[in-house]
Structures are given as structure tokens and as C-alpha cells.
Trainee: 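Before I ask anything, here is the structure I am working with.
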Amino acid sequence: MRTGLCGLLGPADVDQRVALCGWVARRREHGEHLAFIDLRDHTGIIQCVVDGRLDVRSEYVVRVEGVVRRRPEGTVNPRLSTGEVEIHDCTLEVLAAAETPPVPIVDRVEADEALRFKYRYLDLRRTKMQANLRLRATVNGALRSAMERNGFCEVETPLLWSPTPEGAREFAVPSRLHHGSFYVLPQSPQLAKQLLMVAGFDRYYQIARCMRDEDTRADRTVEFTQLDLEASFVSQDDIIAVVSDAVAHASEAVTGARPAEITRITWADALDRFGTDKPDMRFSMELIDLSALFATTSVRAFSAPSVKALVLSGGGSLGRARIDALIERAKGLGAPGLAWFRVVPGEGGATLESPLAAHLSDDERAGILAISGAVEGDLVLAIAAEHDLACGVLGNLRVHLGAQGVAEGEHRYVWVVDFPMFEGLDEEGNPAAAHHPFTMPHPEDLERLESDPLSVRSQAYDLVLNGWELGSGSVRIHRADIQRRVFDALGLSPEEAQARFGFLLEAFRYGAPPHAGFAIGLDRLIAIFAGEESIREVIAFPKTQSGADLMTGAPKPLADGALRDLGLVRAPAKK
RNA sequence: GGACCUGUGGUGCAGUUUGGAGUGCACGCCGGCCUGUCAAGCCGGAGGUCGCGGGUUCAAAUCCCGUCAGGUCCGCCA
């Protein structure tokens, strides 16, 4: 039907007779005897010169036969990859007419996202969206080749899986043959891949679709993709090396540059210095610890286990309205308050200006300046509270005040290691698993599992890029005795553990190798590679914030007959 | 579960603060003119339930209440 592709033609093809197929991107008519048609396919645009009138409109699908020639002197278009040539002596066949598209198919106009979703197949015709999805394919290919090179075997795991009442809400799938029973769609292939280790696959990977019935964000949606991997007889460092290599390989395939060695930071340091477990390393603005300075203070607002602060360089010019908004934000995040100090010129050098400043001692005022290093024109923000809360709120403010878009500027990866094993207490007073209950405790902390569980670190690790969590993994527990102790610490009885994960525990009785793994959020990685702030820009058919598909209308009610087949009855509408 | 933002011809916006005739801009669409344009140009034209419902008012795109949809964020996401 065609001899080549639109965007690949150039001076080398001059005098060739070609047949091209594509969509009419634009037409420019110049009277009775001259018209230009920009023909578009996935490779680009070529200008076709037509002698005479024709009735082709935007987005008609046409086949053009003609001869490639150099454009006449002075008519070369340097903004077009094919701008040196054009097709002339054209005959044109309309393969399909098209209505005027409801969304513009040009990159410079961004239609409303809801409309783009409804007509996604038109939105995807745009150069940018074509590039995004093709970049995604490039990344997938690079990751596959890196995994294969490292000896990983691709295995597909089930989408219809068993409910495990833990973690994220799961999507349920009713069974036709087992009325009243349900499959669930996997939040991740976690247990399946551990079983593959028991099965002796040694190194497994999969580009796996995962589903979580949770509220969404710019960086999360209900259905997403992970590069999932697991390996036997390996340490945390081995997994970190493999994942680093895979990401570097993908980055090289996309940007041409291999990223530098990825630095590491402990979870405790990340929280203390950046107020988050996913620090954005592209800018400093680190948190400052004023706890020692205020350890014996008489100022009630600063009497707290921890006093942390943040210097906003040049922030002294912020008006009261902006500062009040920051205070509201801090309070909204749970902080008891937010103290602020403008650094202003004083009699003996810089001094602090604030409603609170008069209540502070001279030493305290001088200490704030000395420890923070703030200079005239800066704004110092401080929170006195429990350590984790003070850090967390300031970490949020740090990103709010200092961060650029996730996809802007350089790519700064960081490994966050030594996560805590448990994350506070649940309603019954038991420690809550910070990762999942199969995560191996840090060997140095194992002895405190019973005596001081909240101080136990785990062998869990996250990869962070520009403040987004790219993925996480851990060394898994493969020994029954340690697993028993962790379940005990979580308050999980043997009976409950058996009911939830019995098939996994049973498998482990038959010889489980030491193993560890990881999962990389591909949508996030690709979004950042593509320069996008939302993962929806790199997903072919994304869902809305409420999990709806505006193109198909899903989710939809099922007909009564279909419900009957599934053994379901419609509940009365919620009021 | 909560906070906030947005909703105006096919598209993108302005108009909403301070109520006064569906007013404006750009693109697109339709028709005409045009032999070197490329976001073509020029002339003309069509196209509207101002998301939806209610309220206040002599009068509502504009104010109030509710609701729906989309988005950002908090909670949530082992």
C-alpha cells in the first residue's frame, strides 16, 4: 500500500516515486491550481503539492502517490525534518473521511484533560503523546535487555489472585462458578514472585500490571506498571546494584547519558535532613536542628522534644499573607504551630524580627542565626514538636517552597536504606509493618525485635528520583523462626497468618532460598524521562482521579442477568 | 473521608470581584478569493441550556445553597 514513511524522506530520496499513507494534518489552498497538504504518519510530516482542487479535510486518511523533489529555492522549511523536500505530481486517494475532531491535534494547544481522555485515540495522534508512548516502549526494551543480561528470567504471574486482607484496598472480581467467592487483582506480584524463588527460578523479573483501589494523585493511579524483580542468594547490595544498572541502562537508552553512581542515605538521615523518606536531592535547603539550643528554654512555644527549622533564602520579603498561608499549611499537616523570623539588619549585625523574637533570650536569638547560617533577607521557619512530626511538616514546606517540577532540571537518584521495621502502633497497640510482614529485620537489630520493636531497622530500601519514590524492595524472611517472631511482633496469631498467607508459609517449609527483590514504578520513571509532571501523560488510556475511564464509560452497572450469573444482587443505593 | 481550584459556541481563554440584552479575543468549522505556503493570507458566515438543579432579585454567566464532572493536595496508598 505504501513504499515508505512520511517523516523519513529527505534529499536522498529525490526523484523517487513514492506512495505514502497517513492523515491530513493541514491543507493550504492557493486558488485553483495549487494546494499543499501536510501528510502525517507516526514518523512525521511531509508536504505534498497538489495541482487543482480537492476535497480532503483535516484528519482524512489518504494515500498519496507522487515523486520526491527538492523544494524550490527559498521554500525550504527548516522546522520540518523533511523540510528540504516535498512530494509533487500527486494523485490522492481518500481511504477514510473524517469528521472535524473535537480536540485539536496539535501540540501547542492542550485541551481539557477530561476531553483528552474521552477522545484519547485522537489525543494520542499528537506528536508529544506519540513520543511519550514510544519513549515508554524504549524504556521497557532497555529494562528487559538489562534484566536478561543480568540473568533474570521473565515469568508472568496471575492477574486473578487470592484476597490478602492487608495493605491497599483490592479490586475484587466475582466468580461465576463459585458464587459468593471472589478473586482479587494483584496490588503487586509480591507473593507470586517469592514462590518463584522457592521454585528455584533464582532470578525473576516481569513488567507487571498492578491494581490498587485507592485514591489517586499526579503520581499514582488505580492501575499502574512495575518492573518487578526478585533474586535468590543475594544481599541488599546485590539488588541495589542490579536495579541501579537497569535504571542506568534505561536512562542511557533515553537520554544518551548514563547517570552517575547513585548515592545512599539512611531513612533516619533522610527524615532528619529532608523531613521525608523520599528526599528531592536537586536542592539543599536542609532542615536545621535547634533542639539543643532550646533544650532548657523558658519559651513555651519552643518547649518540645525537638525543634527543627528551615531557612528560606530571600524569604524575608514574604508578606504576612504568604507567611500566614504557610502557618495554615503547617497546622493543616498537624504541626502545633509555625514560628517565623525575618533576618533583618540590627545594631550589631543581623537580627531576628518576629512576634516571638522579643520572648527569646539573646543567646537563643544568636543561636538561631549561628546554627541556621541565615543571613539578612532570609526567613527562618521553625517547628517545635515531636521529632518525626516537626521533620515531616518542615519537609513538606521544604518541597512546597523549594522544589521545581519533578521532571525539571537534572535527574538526582538516591537510595534510601535502613527503613524502620515498624511504623508506630495500630489500634490494638501492636507495631504496624512499615513495609510488608515478610521483610527481613536488620541483623544488628534482630535481638530487639521483642524488647524494643520500634527501634528495629529492616532490610528495606527505596529508590527515589527528584522527590518521587521510584520503587521499593527488601530482603525477605526465608526462615520460619524469624517469620514467627515478626508475626508475633505484629500481633498476628499463627492461625491468622495461616489464613492469610498459608500457601506461602507452606511453600517455605519445603526449602526457601534467601531472597530479596524490588519493584520500580515504570509510569513514574517514564514520566520523569518524558519531562511530564503526571504519569497520565505516559499511559495510553488513563483513568481519572475517581478511577473512571471517560472513553469507555467504565465502570458501568452490569445487567441484572449478568449479575445473576455472578451470584450478585444489587444492594439498595447508599443514602 | 476532608480542603481547595476549574466548568462560558467545536477548542483555548477573557468576562464573575462591583448583578443590567450572550459581550469580546484567538484557534477551528463553512463559503468566497488567492500559483509557494507551511500555525498560509484576505473577505464573509454559521455556531451558546454560561456543567446541572434550586434560591435571592425588577433583573443572575456574575450573589447564595445543593449537585455532577475534571484536577491539585491532606487522609489513604503494608
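Being a predicted model, the structure only gives us computed values, none of them experimental. Here is the naming used below: chain letters follow the sequence lines, and residue numbers restart at 1 for every chain.
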Trainee: Whom does B:A39 pair with, Watson-Crick or G-U wobble, provided both distances fall under 3.5 Å?
Mentor: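 Across all strands, not a single nucleotide pairs with B:A39.
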Trainee: If I pick the C1' atom on B:U62 and the same atom on B:G19, what distance separates them, to the nearest angstrom?
Mentor: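 Nearest-Å result for B:G19 against B:U62 at atom C1': 6 Å.
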Trainee: Distance check, C1' atoms only: B:G7 and B:U67, in whole angstrom units.
Mentor: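 Pairwise C1' distance, B:G7 against B:U67, rounds to 14 Å.
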Trainee: Check nucleotides 46-48 of chain B for protein N or O atoms closer than 3.5 Å to its own N or O atoms and list the pairs.
Mentor:
none

Trainee: Does B:U17 pair with anything, Watson-Crick or G-U wobble, both distances under 3.5 Å, and if so, with which nucleotide?
Mentor: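 Result: none.
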Trainee: B:G28 and B:A40: how far apart are their P atoms, nearest whole angstrom?
Mentor: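 Rounded to whole Å, the distance is 7 Å.
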Trainee: Under 4.0 Å between any heavy atoms, over every strand shown, what does A:Arg220 touch: base, sugar-phosphate, or nothing? Just pick one.
Mentor: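 The answer is base, as A:Arg220 lies within the cut-off (heavy atoms under 4.0 Å) of a base atom.
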Trainee: I'd like to compare against my own output: the B/S/- annotation of nucleotides 66-72 of chain B with a strict under-4.0 Å heavy-atom distance to protein.
Mentor: ----SBB
Trainee: Between A:Asp481 and A:Arg484, does any NZ, NE, NH1 or NH2 come within less than 4.0 Å of an OD or OE carboxylate oxygen?
Mentor: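 Salt bridge flag = no for A:Asp481 with A:Arg484.
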Trainee: Who pairs with A:Arg209 by salt bridge (Lys or Arg N to Asp or Glu O under 4.0 Å), at least two apart in sequence or on another chain?
Mentor: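 Only A:Glu223 meet the salt bridge (Lys or Arg N to Asp or Glu O under 4.0 Å) criterion with A:Arg209.
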Trainee: Separation of A:Glu214 atom CD from B:C74 atom C1', in whole Å?
Mentor: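 Atom-to-atom, A:Glu214 to B:C74, this comes out as 14 Å.
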Trainee: Measuring only the C1' atom in each nucleotide, how far is B:A14 from B:C76? A whole number of Å is fine.
Mentor: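 Rounded to whole Å, the distance is 39 Å.
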Trainee: Mind checking A:Ala35 for me? I need base, sugar-phosphate or nothing, with any heavy atom below 4.0 Å counting as a touch.
Mentor: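 Answer is nothing: A:Ala35 stays at 4.0 Å or more from every strand.
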Trainee: Taking protein heavy atoms under 4.0 Å as touching, what does nucleotides 32-45 of chain B look like 5' to 3' if B marks base contact, S marks sugar-phosphate-only contact and - marks none?
Mentor: -SBBBBBBB-----
Trainee: Cut-off 3.5 Å, side chains only: do A:Gln226 and A:Ser188 have a donor facing an acceptor?
Mentor: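 There is no such pair between these side chains.
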Trainee: Tell me every residue that passes side chain to side chain contact (heavy atoms under 4.5 Å, CB included) with A:Ala98, counting only those two or more places apart in sequence or in another chain.
Mentor: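 Result, side chain to side chain contact (heavy atoms under 4.5 Å, CB included) vs A:Ala98: A:Glu59, A:Tyr60.
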Trainee: Under the side chain to side chain contact (heavy atoms under 4.5 Å, CB included) test against A:Arg126, which residue among A:Asp123, A:Leu124, A:Leu122 passes?
Mentor: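 In the set A:Asp123, A:Leu124, A:Leu122, the residue that makes a side chain to side chain contact (heavy atoms under 4.5 Å, CB included) with A:Arg126 is A:Asp123.
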Trainee: Give a yes/no verdict on a cation-pi contact between A:Arg524 and A:Phe224, requiring under 6.0 Å between NZ or CZ and the six-membered ring centre and an angle within 45° of the axis.
Mentor: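 Geometry flag: not set, cation outside 6.0 Å or 45°.
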Trainee: Measure from CG on A:Asp213 to P on B:C77 and round the result to the nearest Å.
Mentor: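 So the CG-P distance, A:Asp213 to B:C77, works out to 13 Å.
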Trainee: Roughly how far apart, to the nearest Å, are B:G22 and B:A60 at atom C1'?
Mentor: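 Going atom to atom, C1' in each nucleotide, I get 13 Å.
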Trainee: Taking atom C1' of B:G75 as reference, at what distance in whole Å does atom CZ of A:Arg169 sit?
Mentor: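 A:Arg169 atom CZ is separated from B:G75 atom C1' by 11 Å.
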Trainee: For the pair made of CD in A:Gln187 and P in B:C77, what is the distance, rounded to whole Å?
Mentor: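 Whole-Å distance recorded here is 10 Å.
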Trainee: Start with the C-alpha gap between A:Glu110 and A:Arg116, add the side-chain angles, then the distance that decides, and say whether side-chain contact (heavy atoms from CB on, under 4.5 Å) holds.
Mentor: CA-CA 9 Å; A:Glu110 190 91 329; A:Arg116 294 176 56 208; 3.2 Å; yes
Trainee: If you restrict it to nitrogen or oxygen atoms, what contacts under 3.5 Å exist between nucleotides 8-10 of chain B and the protein, and what is each distance?
Mentor:
unit_1, atom_1, unit_2, atom_2, d
B:G10, O2', A:Pro102, O, 3.2

Trainee: Could you give the CD-to-C1' distance, from A:Glu423 to B:C76, as a whole number of Å?
Mentor: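 After rounding, the reported distance stands at 12 Å.
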Trainee: Could you list the residues that satisfy side chain to side chain contact (heavy atoms under 4.5 Å, CB included) with A:Asp51, not counting sequence neighbours?
Mentor: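 For A:Asp51 the side chain to side chain contact (heavy atoms under 4.5 Å, CB included) partners, ignoring immediate neighbours, are A:His33.
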Trainee: Can you find a pair of side-chain heavy atoms, one from A:Glu408 and one from A:Glu533, that are under 4.5 Å apart?
Mentor: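 Contact flag for A:Glu408/A:Glu533 side chains = yes.
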Trainee: With both distances under 3.5 angstrom, what nucleotide forms a Watson-Crick or G-U wobble pair with B:U72?
Mentor: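 Its partner is B:A3 (Watson-Crick or G-U wobble, both distances under 3.5 Å).
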Trainee: Expressed as a whole number of Å, how far does the C1' atom of B:G51 sit from that of B:C68?
Mentor: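 Result for the C1' pair: 8 Å, nearest Å.
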Trainee: What residues, two or more places apart in sequence or in another chain, satisfy side-chain hydrogen bond (donor to acceptor under 3.5 Å, both in side chains) together with A:Arg69?
Mentor: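 A:Glu86, A:His88.
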Trainee: Kindly write out the residues that satisfy side chain to side chain contact (heavy atoms under 4.5 Å, CB included) with A:Ala507, not counting sequence neighbours, or none if the list is empty.
Mentor: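 Partners of A:Ala507 under the side chain to side chain contact (heavy atoms under 4.5 Å, CB included) test: A:Leu195, A:Val198.
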Trainee: Take the protein atom CG of A:Asp277 and the nucleotide atom P of B:C77, then report the distance between them rounded to whole Å.
Mentor: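 The distance from CG of A:Asp277 to P of B:C77 comes to 13 Å, rounded to the nearest Å.
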Trainee: Name the nucleic acid region contacted by A:Ser58, choosing base, sugar-phosphate or nothing; use a 4.0 angstrom heavy-atom cut-off, strictly under.
Mentor: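 If one applies the 4.0 Å heavy-atom cut-off, A:Ser58 turns out to touch the sugar-phosphate alone, with no base involved.
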Trainee: Under the rule for side chain to side chain contact (heavy atoms under 4.5 Å, CB included), what residues qualify as partners of A:Ala516, not counting sequence neighbours?
Mentor: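 Expected list: A:Val234, A:Ile239, A:Tyr461, A:Val475.
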Trainee: Apply salt bridge (Lys or Arg N to Asp or Glu O under 4.0 Å) to A:Asp462 and list each qualifying residue two or more places apart in sequence or on a separate chain.
Mentor: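 Listed in chain order: nothing, the list is empty.
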Trainee: I'd like the P distance from B:C5 over to B:C64, given in whole Å.
Mentor: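 The same atom, P, in both gives a distance of 12 Å.
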Trainee: When the C1' atoms of B:G47 and B:G24 are considered, how many whole Å apart are they?
Mentor: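 Straight-line distance between the two C1' atoms is 16 Å.
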Trainee: Using heavy-atom distances to pick each residue's nearest nucleotide on RNA chain B, tell me which of A:Leu333 and A:Thr100 is more 5'.
Mentor: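 Going by which nucleotide is closer to the 5' end, it is A:Thr100.
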Trainee: Taking the side chain as every heavy atom from C-beta outward, state whether A:Phe36 and A:His30 have any pair of such atoms under 4.5 Å apart.
Mentor: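 Yes; the side chains approach each other to less than 4.5 Å.
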Trainee: Specify the separation, in whole Å, of atom CZ of A:Arg126 and atom P of B:C27.
Mentor: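 These atoms are roughly 19 Å apart.
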Trainee: Strictly by salt bridge (charged side-chain N to carboxylate O under 4.0 Å, His left out), give each pair with a member in residues 183-193 of chain A just once, sequence neighbours left out.
Mentor: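 Every pair satisfying salt bridge (charged side-chain N to carboxylate O under 4.0 Å, His left out) with a residue in residues 183-193 of chain A: A:Lys193-A:Asp228, A:Lys193-A:Glu230.
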Trainee: Mind checking whether A:Phe419 and A:Trp267 have parallel, tilted or perpendicular rings, split at 30° and 60°?
Mentor: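 Geometry flag for A:Trp267 against A:Phe419: tilted rings.
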Trainee: If B:G22 has a Watson-Crick or G-U wobble mate with both distances under 3.5 Å, name it; if not, just say none.
Mentor: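 By the stated definition (distances under 3.5 Å), nothing pairs with B:G22.
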Trainee: Rounded to whole angstroms, how far apart are CG on A:Leu397 and P on B:C73?
Mentor: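 Between P of B:C73 and CG of A:Leu397: 16 Å.
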